[in-house]
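So the structure is just underneath, and the comments pick up after that.
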Amino acid sequence: MKEYRLNVDPRILELLGPNLYTNIYYVLAELIANAYDADAKNVYIISNKDDIRVEDDGHGMSYEAGDIAKYLNVAGVSRTTESDSLTKSGGRRKMGRKGVGKLAALSVSEDVDVLTVADGEKSGFVLTRQPENGHDLKAIQDDQIVFERITDHGSAIIMRNPQYRLHKTLDAVKRNLLKIFPLVNANFRIHVIRGKEEITIKDFDRSIMGELCALVTLGDKFKPLCDLVTDSYPERRADLVAAQAMKVIPITMKANDGKEHEYSLEVLGWIGAYRSTRGRKAELTDFPDNFISLFANEKMGEFNILPIVGQNKLNEVYVVGQLHVDLFELTELPDMALSNRQGYKSDDPRYEAVREYVRSDLLADILKRRETYTDIVNADKKKKKEDALRGDEAKLKAAIDAFRKKASADAVDALAALGVKASRDAMENAISQSINTNSPDLGLKSAVDSQKKKILISQTYPDKPFADIIYQMLIFNNVPPDDILYTNCDDEVCRVPEGRGVYDYLREFFVESYSTQKIFVLFVTSENTKVSWGAITEVGASWITKIDHIIFNIHPFRPEHPLNDEMQWQSTNRDRPSGDLWMMRLNADVFCQKIEAVCDALGYKKMAREKNMDHLGTLVSIRNA
């Protein structure tokens with residue numbers, strides 16, 4: 001009979017077992033890492049009705065050779081020198097170090113069966129939170145040591161009656177495992193099995209890189225990832241994708257021998273940005289899709305440092321990355337992993353150095369590339385929309401010309417058929433009937449009108465703060481940014497298309513057009529208006545074309561003709577020299593009234609006055625007196 005004795009303080013076992021991990025996937029990652037260290041090529045995660053089984057085709061453990069005794073020496077350091085940091089085959093660096101990962105399964109089940117076979121020699125025992133006599137484990141007879149996927153060599157960990165379960169879909173299981181254990185390739189594959197369903201995880205890089213719009217790699221090892229990013233805009237690829245050398249940070253550390261030494265902290269890996277987060281809704285307990293993970297010796301040490309290094313910017317939701325810092329696991333340096341095995345000690349100099357580098361350099365770099373991608377996409381969309389509008393405008397002109405020609409011809413034919421004795425009413429009826437018959441040719445007009453800008457915010461750059469308030473209030477009242485032309489807008493979609501002059505753009509689509517729709521102009525007037533040639537030109541153009549307009553004025557300037565100065569304008573105050581804007585409550589109410597009037601005129605679903613006043617109060621100071 002084989003005897004199995006757990007070499008550990010029972011109090012530590014009771015403490016660590018149920019509290020070491022809080023997520024089933026961290027547990028699986030530890031068990032997968034053990035399989036990796038055993039030189040396995042395949043790991044099988046099998047979800048059965050009453051248990052979760054993890055099998056691998058690694059070397060297995062021999063009772064006779066002392067492998068199991070070593071395994072049961074919990075917290076025995078497995079890597080003391082660099083020479084024993086390699087796996088048995090010598091082809092991999094060991095992930096394990098402290099020897100407590102084997103207790104991971106006890107976070108899921110109170111009793112865990114451990115089965116192993118090495119060169120045909122079978123062994124098995126029950127790992128439990130409460131061993132007999134504090135150390136003794138129950139042996140499993142050879143005839144009960146049965147594997148589902150392996151034969152001559154390997155191990156199986158069977159978590160009986162698990163308190164955690166895998167996700168309902170195998171795709172969700174795959175997504176989660178890839179995020180915390182991405183080291184899968186042709187030499188190391190993970191198979192997830194539930195009943196007749198099976199999915200194989202064999203490629204992390206290709207699946208995620210295809211979803212990125214921007215990427216920065218660090219080190220030659222990760223440079224090939226650049227080729228997996230879709231080349232949507234080849235002429236701007238250098239602005240979106242970059243292969244950089246690994247980052248080297250000099251650092252002084254006190255080693256385990258008590259002496260200080262100089263080290264080179266090398267950061268390798270990659271950081272990218274998704275094209276879109278749309279459609280990435282995951283199940284509630286999934287790991288988030290945007291993260292920056294830290295790895296050492298290919299094993300994940302901390303899933304996400306983004307909340308620590310980020311600054312809560314909107315674009316950070318698109319960020320994803322994996323950084324490898326093997327100095328975190330250098331044998332001669334102190335262990336920096338937290339006791340729960342789900343992070344690193346934040347005060348370790350290595351952690352602080354990496355955190356500062358990511359925050360100040362790497363994150364800023366990828367966010368800049370993501371913004372570049374957004375600008376490229378918006379410019380491309382705007383160009384396509386403008387081309388479509390120009391094409392529809394040309395079709396409308398051709399349709400109107402054809403309409404006129406055909407309507408006239410039909411009218412002449414109708415009059416000739418009636419003869420010269422026809423009455424005036426009869427002639428008018430004939431022409432009217434001809435026009436009505438041919439009027440469907442004008443159906444394109446509505447399509448042209450729907451694509452045009454509806455509102456122009458006319459302003460000078462010094463008055464941009466006030467124009468921004470008008471813009472924000474329009475957006476708040478459900479006016480789409482696409483419908484607004486605002487040359488100094490922070491949102492690129494509202495600006496004039498790249499390479500186009502504003503006056504050429506306005507003339508082409510709002511003056512030299514067969515469409516009768518005219519743009520609605522919101523004038524921002526101040527003492528800056530009279531010294532701006534552009535503003536004066538827009539005032540003149542609105543008068544000539546008789547365009548509807550509303551005036552938002554900054555006191556003490558007084559709007560003059562040809563603006564409609566007989567109509568009430570809204571008045572706002574500006575302090576000097578600070579430039580701070582403020583409104584009297586009455587003027588704030590008039591401001592909201594004007595915004596709502598624009599919405600009524602153009603058919604937008606406006607907000608209630610109370611809500612508009614509240615929102616305006618968040619944008620500008622409103623005073624009672």
Side-chain angles (χ1 to χ4, degrees), residues 6 8 12-36 40 43-56 74 95-96 98-115 125-131 137 147-149 155-184 190-201 281-289 291 293 299-304 337-343:
L6 190 63
V8 66
I12 296 178
L13 183 65
E14 186 67 26
L15 175 65
L16 291 180
N19 299 294
L20 187 58
Y21 297 93
T22 58
N23 185 293
I24 182 65
Y25 294 100
Y26 283 118
V27 173
L28 293 176
E30 285 285 2
L31 301 181
I32 294 169
N34 288 343
Y36 183 88
V43 179
Y44 303 91
I45 299 173
I46 306 168
S47 179
N48 295 316
K49 180 180 179 181
D50 298 318
D51 63 61
I52 298 175
R53 172 187 292 249
V54 179
E55 287 189 9
D56 70 76
V74 177
M95 293 185 178
K98 295 185 71 174
V100 297
K102 65 199 69 175
L103 298 179
L106 292 178
S107 297
V108 178
S109 299
E110 187 171 349
D111 298 309
V112 175
D113 291 355
V114 179
L115 313 179
F125 55 89
V126 180
L127 186 65
T128 178
R129 298 175 190 172
Q130 297 178 332
L137 302 178
F147 299 94
E148 293 191 19
R149 293 294 177 123
S155 299
I157 306 296
I158 306 172
M159 294 168 276
R160 304 285 185 186
N161 302 311
Q163 66 182 66
Y164 302 123
R165 276 292 184 179
L166 302 182
H167 280 73
K168 293 181 179 179
T169 66
L170 295 191
D171 281 336
V173 177
K174 176 181 178 179
R175 286 200 313 270
N176 289 335
L177 286 176
L178 276 175
K179 290 170 188 175
I180 62 175
F181 201 99
L183 192 68
V184 287
I190 302 172
H191 310 265
V192 184
I193 303 153
R194 180 191 285 123
K196 296 182 179 180
E197 292 183 278
E198 181 171 349
I199 191 169
T200 300
I201 307 172
K281 292 181 180 179
E283 297 180 43
L284 292 178
T285 55
D286 274 7
F287 297 97
D289 285 311
F291 56 86
S293 297
K299 183 179 180 182
M300 190 188 72
E302 185 164 344
F303 173 66
N304 191 11
L338 297 176
S339 59
N340 65 1
R341 317 304 299 163
Q342 295 173 201

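Everything quoted here is computed from the prediction, not taken from an experiment.
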Interatomic spacing from [atom1] in [X] to [atom2] in [Y] - rounded to 0.5 Å:
X: R129; Y: L103; atom1: CZ; atom2: CG; answer: 11.0 Å
X: I158; Y: L127; atom1: CD1; atom2: CG; answer: 12.5 Å
X: I157; Y: E30; atom1: CD1; atom2: CD; answer: 12.0 Å
X: N304; Y: S293; atom1: CG; atom2: OG; answer: 6.5 Å

Are E110 and Q130 side-chain neighbours, meaning at least one heavy-atom pair lies under 4.5 Å? yes
Any heavy-atom pair between the side chains of L166 and I45 that's under 4.5 Å? yes
List the steps and the verdict of side-chain hydrogen bond (donor to acceptor under 3.5 Å, both in side chains) for D56 and S155. CA-CA 6 Å; D56 70 76; S155 299; 4.5 Å; no
D171: what forms a salt bridge (charged side-chain N to carboxylate O under 4.0 Å, His left out) with it, not counting sequence neighbours? none
Over all atoms of both residues, closest heavy-atom pair of [X] and [Y]:
X: P162; Y: D50; value: CD-O, 3.6 Å
X: N48; Y: E148; value: ND2-OE2, 3.4 Å
X: F291; Y: K179; value: CE2-CG, 3.8 Å

With sequence neighbours left out, write down each residue that passes side chain to side chain donor-acceptor pair (under 3.5 Å) with D113, or none if nothing qualifies. R160
Which label fits H191 and Y44: parallel for a plane angle under 30°, tilted from 30 to 60°, or perpendicular past 60°? parallel
